Amino acid sequence: MRPTIEDRERHGSDPPPAPPWSLGVQVVVYRNDEAQLERLAHAVAANLAVLGSTGMTSRTEVRFGDCSEDAVLVGDVRTALAAPIERVGAQVRFEVFGDNLGSGGGSNALAAMSDDDVIWVLNPDTVPAPTCGAELLRVLTPGTVAIAEGRQIPIEHQKAYDPDTGDTGWASGCCSMIRRDAFDGVGGYDADVFPMYCDDVDLSWRLRLAGWRVVHVPSAVVFHDKRITDRGAPAWSPTQAEMHHLAIAMMYHRYGRADLAADFVERAEHGDDPAHRAAVAEFRARRDRGALPDVLTGADQVATFMDGAFAPERFRYG
Amino acid sequence: MGLRYDFEFSWGSTYGHAIRLVQRNSAPGLVVDLGAGVGVPAAPLADLGYDYHGFDADRDAIAAAAERGVRIDPIDLEDRSDAAERIVSGVAGRRVAAVMMLDTIEHLVDPDAVTTWLAELLDRLGTEEHRPVLVVSIPNVAHEELGAKLVMGRWDVTDAGLLDATHITLFDAARLDALMPRHGLEELERDDLGFAETEQHFPVGHPAIEQATPLSRFLRELRRRSDAHAMTYQFIRCYRRTSRHATAVGNDAGNVVAAPWGTVVVRTQGRRESLDDALVCLSAQTDDDLEILVMVHRDDDEAVDRVRDVVGRYPDSFNRRVRVVPVHGGGRSRPLNRALELATGSYWMVLDDDDVVTADWVEAFRRGAERAPGTIVRARCALQVQERRDHGIAESERVTGFELPYPERFDLFEHVGDNRTPICSFAAPLAAIRAIGLGFDEDLTVYEDWKFLVHLANLTGVTDVPEVTSVYRIWSDDSGAAGSVPSRQWDEDRAAVRRSFDASTFLLAPGEAGRVASVMEGAGEIGALQADRSALHETRAALEHLRREHDALQHRLDALERSRFWRITSPLRRLTAMRGRLAVRLGRSANADGG
């Protein structure tokens, strides 16, 4: 039977890895409302309390980075977010970027502020269960895992994972705990190529190319505030459709699927989606000026493109 | 002037019940009867060894009692300034077994002041070793017949009875149960008197009271569910003096405690990590005006402690709204009923630890409730299948996406036939649940939520909201809390629920009579088609029978034609045929010749 955080608390902790890990929790904010951020702050504080009781962490810092045009992380909002975190003995840091760096760029900027052993990337619209962080860190510490990903509810991600090891194709950036040495070793998120979308898939695949594992942790529960459509599908549409299309095209290209990239271009020419056509135009423009990323060697070993998905899926929504 | 109240004694009457209470709760001594009238209890009390001393303001009654040898002294209970002194003086040191006050309090202006005075009188009439008990009788203004008539606009005051013209204050059970403890009087025993039909059973043929009518049946059904006193005619209670005083109980408008909008009930057996799934969904709600009752349905304390540990890890901002409640024994209904006793919210929701909800689950319910207060609010629900894993890193895994098999809109007719609303997808008004005394049937092993929902929806109606806010997870192997139930039990419980619907009166909302007519017409057409189909089947059967006979004959004919006999006799048949044709020709020739 696999040990759980309750087993460790009941029967005594495993010896912590030497030394205990320093942890940086990172949240990139973009126009999020205060109530949502407060729920996250309280949940993070609860996680840090549990982590503290296990002895797996030493120094802990929570960093909020604000990419909003009109800063959200000001005044009373900072006070409200900081209070529960400081009560459990962690540091809090706020950074107003004054520009939309995107999720990957924002995470890179926050990571650069410190040299934590581990960074925990959380979306601002998440609420991790109190043992989520401990369950992720438990998986991260043995040495071969670069990213440990939480299990989302109420809409569980449909991608497949190895039922015995948790190995999966890629880790969602909504709740991922990442080894800092692995993160730095591949240059972090590629915010230039993937400023908003597919940055998490790209990071996962580059880490896997570098020999690291990406693991899904079902016992690390994270609530992700997504809604369900009246067709039974996750309610999500990209806020910037053109950038979403472009990111997919970049994925095809970087990971050596010129066939899919060509198909992508052709579909745009025959379709009536202006965002798709605009993305293709940008893709061609970059290609013409030699600004596309290099095709990665060995990409076929890690890349999976299956009918719009980046990994085999256990089921489909909608 | 005739006596207003001159009732004969019987053991089945108010007097009889009251005297039995005295007999069971106080050894023989003096019974002081306040508001004694003509002293009816005197004789039967004497038979039981009690002395009697009555007090009343009605001089005619006093005189009538005196003629029977019953001592009743004058007293005005509205002006109690010296009443206690007169009573004490009249008692003259005798041991008082009981003070009776039958059908009197309701004739007095200030029942609180009267009850205070009664409590003090008991103290004065008692000794260090003994205090007399108090026996009262009070008519019940919430009798079902009064309510039924009032619904139709009738309030019939009579010379005597429930709406006696001289009644000043009116009591229901709740008022009486609140009054006595406030003044240091603790109930020892009750022996209420009950009738289905009272002196209010008029006018003859009124549909609200004649028991054969659907209206009367429905009103009685509703009233009898609400509390135990639908047919109580008189509250007949025995009290003793106590030093404890209940704090004043305010009515709904008087309560000042800020109750949450919602009560969320989480049923768990404390064994699964999925409890975190449910709790984190609740901690992420956009509307957190909630109390959360985690009902741990296990008999072992370790399970309860584990659940407390899980809850304790959550932020204080969340877990201070959570109460962990152990529940022992019973089936799936037991934790729900226990939670109903504890709930303080306005609306009630259930999230079993198998299921999950979106962040706007409560918010959507509340929007619906604000749009249509007092109704059940129903949101849409997705279905997802999960499987257990007996090895590996996960105990369970979701194996399908979301289906939406439940109808968008609630239809009571449809739900009488089958349950189409998972328990996590509706919120119910607690005031309505309590008003009709509804609970979850503990005789049911399954379908407890279906029965509850339909009976409540019949009265409150349902407001549908369009959002999909919950995910009802089922196990692929039909296991889970209800999965161990054998199919026979499912069938029996389903039949029991259907019987409960059949025994109830259902309200047709506007527009539904037309639907019933359409359904009946459709049923008629179906019946006719079924008859046609039966006739067609019979015709086919007959044709098939003929076909088989034909085939059998043909088979015999074929065999005959292939036989040696047939071949041998062929020349003879040709000769016979020729002779026949010749005979025909000869016949025609004879006719042509006119012969």
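Because the structure is a prediction, the values reported are computed rather than measured.
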Show the numbers, then the answer: is there a side chain to side chain contact (heavy atoms under 4.5 Å, CB included) between C281(B) and F223(A)? CA-CA 6 Å; C281(B) 287; F223(A) 184 94; 3.8 Å; yes
Would you mind checking if [Y] and [X] are paired as a salt bridge, meaning a charged N to carboxylate O distance below 4.0 Å?
X	Y	answer
E467(B)	R227(A)	no
R151(A)	D277(B)	yes
R380(B)	D230(A)	no

Name the region of [X], side chain, backbone, both or neither, that has any atom closer than 4.5 Å to a heavy atom of chain B.
X	answer
H216(A)	backbone
D125(A)	neither
Q158(A)	neither
P234(A)	neither
A45(A)	neither

What closest approach, in Å, do [X] and [Y] show between heavy atoms, and which atom pair accounts for it?
X	Y	value
A394(B)	Y161(A)	CB-OH, 3.8 Å
V50(A)	R313(B)	CG2-CD, 3.8 Å
F402(B)	P154(A)	CZ-O, 3.9 Å
G166(A)	I393(B)	CA-CD1, 3.3 Å

Sort [X] into side chain, backbone, both or neither according to what part of it lies under 4.5 angstrom from a heavy atom of chain A.
X	answer
Q386(B)	neither
T469(B)	neither
E403(B)	neither

Contact between [X] and [Y] at the side-chain level, heavy atoms closer than 4.5 Å - yes or no?
X	Y	answer
F318(B)	R39(A)	no
F315(A)	E397(B)	no
V471(B)	I155(A)	no
T229(A)	V468(B)	no

Heavy-atom count around [X] [atom1] within 6.0 Å, excluding the residue itself: above 12?
X	atom1	value
R316(A)	CZ	yes
Y472(B)	OH	no
Q91(A)	CD	no
D418(B)	CG	yes

Residue selection (most heavy-atom pairs with chain B, distance under 4.5 Å) from I153(A), N47(A), V127(A):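 Ranked by heavy-atom pairs under 4.5 Å with chain B, first place is I153(A).
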Pairs of heavy atoms under 4.5 Å with chain A: top-ranked of [options]:
options	answer
V399(B), D309(B), L383(B)	V399(B)
E408(B), Q285(B), R389(B)	Q285(B)
D288(B), V356(B), V280(B), D390(B)	V280(B)

